[in-house]
Amino acid sequence: MNHLKPLLRVTILLILCTPFVSALGQDVRYDIRFPDLPGYKMYACDLHMHTVFSDGTVWPTVRVEEAWRQGLDVISITDHVEYHPHKDDLPINHGRPYDLAVGTAQAVDLLLIRGTEITRDTPPGHFNAIFLDDINKLDTPEFLDAIKAANAQGAFVWWNHQAWQGEDKGKWLDLYTTMYDNKLFQGMEVCNGSSYYPTAHKWCLEKNLTMLGNTDIHDPDLRKQSLPGDHRTMTLVFAKERTPAALKEALLAGRTAVWYKDQLIGRKEILEPLFDAALRIQAPIVRSGKNVYLRIANSCDTDIKLTRSGGNGPASIAIPAQATKVVEMTTAAADTPLDLQYTATNFLIAPDTGLPVVLKVPQE
Ligand SMILES: [Zn+2]
Ligand SMILES: [Zn+2]
């Protein structure tokens, strides 16, 4: 190998010495782009997924490779504690998926969080717990004992896909009140895969639970990139830094938004500054008589869809992801500042409720 140039030699040595990242050699990563919020950075997270160690069909390292390629920052592999259809082929070992995947995660600088899914018939249904030290302690006969064991380890716990199945789907039962009153879960999946649960969305707002969106993927995810029209359901978490402690603090504080299809779903306190950071009216503003030409830029990875709620401006404006749109409008007095009142219909602050926004057009 001595005749090779030094840089090439180092590259070959790295490849030879790190077989666990070799599958990534053909891949490139495309970042997911949403703005940071004042004081907090945006981290794209998928905190619910499965591997062959429960009922999934991929090896744990593949979950890391997919997520890295698609621009995610943080994932948790959450195989079922109780459901093991591959147990004749693989021994049950609750800690094994994390242990197998963490080396690949470290090699590509993706944060992998140890987690699991506590899986019971509905009710109570399925709950995820992350930031665990020892998943084995959650393997208990009684459901509430498993939930308590997760909380005893300082886990963040949430109710998955609450309207999924069972006669009591969509109902808030006494059991959930007991769990809620004892702070045994702190969030809910508002979205899971291709499903949106308006009831969960409503409950998160009423009960101050954190909103999450995850894939719950079982099969390989073959997407090369997260695109506005084709991306995994995920949670944008706004945290001080990308560490387990900072992410847990952000999740407990409810600083999340769910990116689901062409929508962002979250609290008004989160979506409002996110919108303000994503949308820019660019200078200079061109005026010609009573005509005003606005160039509106969208710096986030989802389209922004606006419907007029006030008296000025076009009836609707759509600004594609990562693009700039020219909007022409006529005004009564061309040289005065304008407040254009709209609703961002795909920024959901409650079921069927878009975010009210004001586009401020300064006088020039
Ligand atoms: Zn589940
Ligand atoms: Zn699941």
Side-chain angles (χ1 to χ4, degrees), residues 45-60 62-64 66-67 72 74-87 90 92-98 100-101 112-132 135 138-140 142-144 146-147 149-150 155-173 175-176 179 184-197 199-201 203-204 209-221 232-235 251 256 258 260:
C45 307
D46 183 0
L47 304 173
H48 185 170
M49 58 185 70
H50 297 275
T51 74
V52 286
F53 284 84
S54 61
D55 55 344
T57 58
V58 306
W59 195 250
V62 176
R63 290 288 175 237
V64 173
E66 294 165 341
L72 280 105
V74 182
I75 65 166
S76 184
I77 294 172
T78 53
D79 279 311
H80 300 286
V81 176
E82 303 86 347
Y83 183 48
H84 297 277
H86 305 148
K87 62 178 179 295
L90 278 171
I92 296 171
N93 182 341
H94 300 305
R96 195 67 181 138
Y98 177 91
L100 284 167
L112 178 68
I113 295 173
R114 190 184 280 106
T116 195
E117 183 167 14
I118 301 162
T119 313
R120 305 298 164 106
D121 289 343
T122 307
H126 299 186
F127 285 73
N128 265 23
I130 61 171
F131 308 114
L132 293 166
I135 297 169
L138 279 57
D139 199 350
T140 61
E142 292 298 322
F143 166 73
L144 272 181
I147 294 284
F156 179 80
V157 179
W158 70 93
W159 184 359
N160 294 335
H161 48 70
Q162 58 82 30
W164 174 49
Q165 66 173 21
E167 287 183 8
D168 292 317
K169 73 178 184 183
K171 292 183 191 164
W172 185 278
L173 306 173
L175 170 66
Y176 305 128
M179 292 173 67
L184 293 177
F185 73 107
Q186 300 86 34
M188 292 190 75
E189 276 183 349
V190 171
C191 300
N192 174 290
S194 59
S195 299
Y196 162 64
Y197 304 113
T199 312
H201 192 181
W203 287 340
C204 283
L209 292 162
T210 298
M211 297 182 202
L212 295 115
N214 299 304
T215 54
D216 199 1
I217 32 174
H218 289 68
D219 295 326
D221 188 340
R232 64 169 80 192
T233 295
M234 67 184 75
T235 309
L251 287 168
T256 63
V258 174
Y260 169 75

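Atoms within a ligand are numbered from 1 in the order they appear, just like the ligands themselves. All residue numbers in this chain count up from 1 along the given sequence.
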Student: Do His84 and His94 pass the ring-ring contact (aromatic ring centres under 6.0 Å, His included) test, and can you show the C-alpha distance, the side-chain angles, and the key distance before you say yes or no?
Tutor: CA-CA 10 Å; His84 297 277; His94 300 305; 5.6 Å; yes

Student: Can you name the N/O/S atom of Asp216 that is nearest the Zn ion (ligand 2)?
Tutor: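 Distance check against the Zn ion (ligand 2) picks out OD1 in Asp216.
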
Student: Can you tell me if, anywhere in Glu117, an N/O/S atom lies at a distance from the Zn ion (ligand 1) that is smaller than 2.8 Å?
Tutor: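 True for Glu117.
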
Student: So, for Thr233 and Cys191, which heavy atoms are closest and what is the spacing to 0.1 Å?
Tutor: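 Heavy atoms only, the tightest pair is CG2-CB, 3.8 Å.
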
Student: What class does the angle between the rings of Tyr176 and Phe127 fall in, given that below 30° is parallel, 30 to 60° is tilted and above 60° is perpendicular?
Tutor: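 Tilted.
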
Student: For the residue pair Trp158 and Phe156, does the interplanar ring angle fall in the parallel (under 30°), tilted (30 to 60°) or perpendicular (over 60°) class?
Tutor: tilted

Student: Quick one: is the NZ or CZ of Arg114 closer than 6.0 Å to the six-membered ring centre of Tyr98, and within 45° of its axis?
Tutor: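 Positive - Arg114 is close enough to the ring of Tyr98 and near enough to its axis.
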
Student: Of the backbone and side-chain N, O or S atoms of His50, does one lie nearer to the Zn ion (ligand 2) than 2.8 Å?
Tutor: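 Within the cut-off used here (under 2.8 Å), His50 does place an N, O or S atom near the Zn ion (ligand 2).
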
Student: Suppose we only count N/O/S atoms under 2.8 Å; would His80 qualify as near the Zn ion (ligand 2)?
Tutor: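 Under 2.8 Å: His80 has no N, O or S contact with the Zn ion (ligand 2).
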
Student: Do you know which N/O/S atom name in His126 is closest to the Zn ion (ligand 1)?
Tutor: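 Looking only at N, O and S atoms of His126, the one nearest the Zn ion (ligand 1) is named ND1.
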
Student: Can you tell me if, anywhere in His48, an N/O/S atom lies at a distance from the Zn ion (ligand 1) that is smaller than 2.8 Å?
Tutor: no

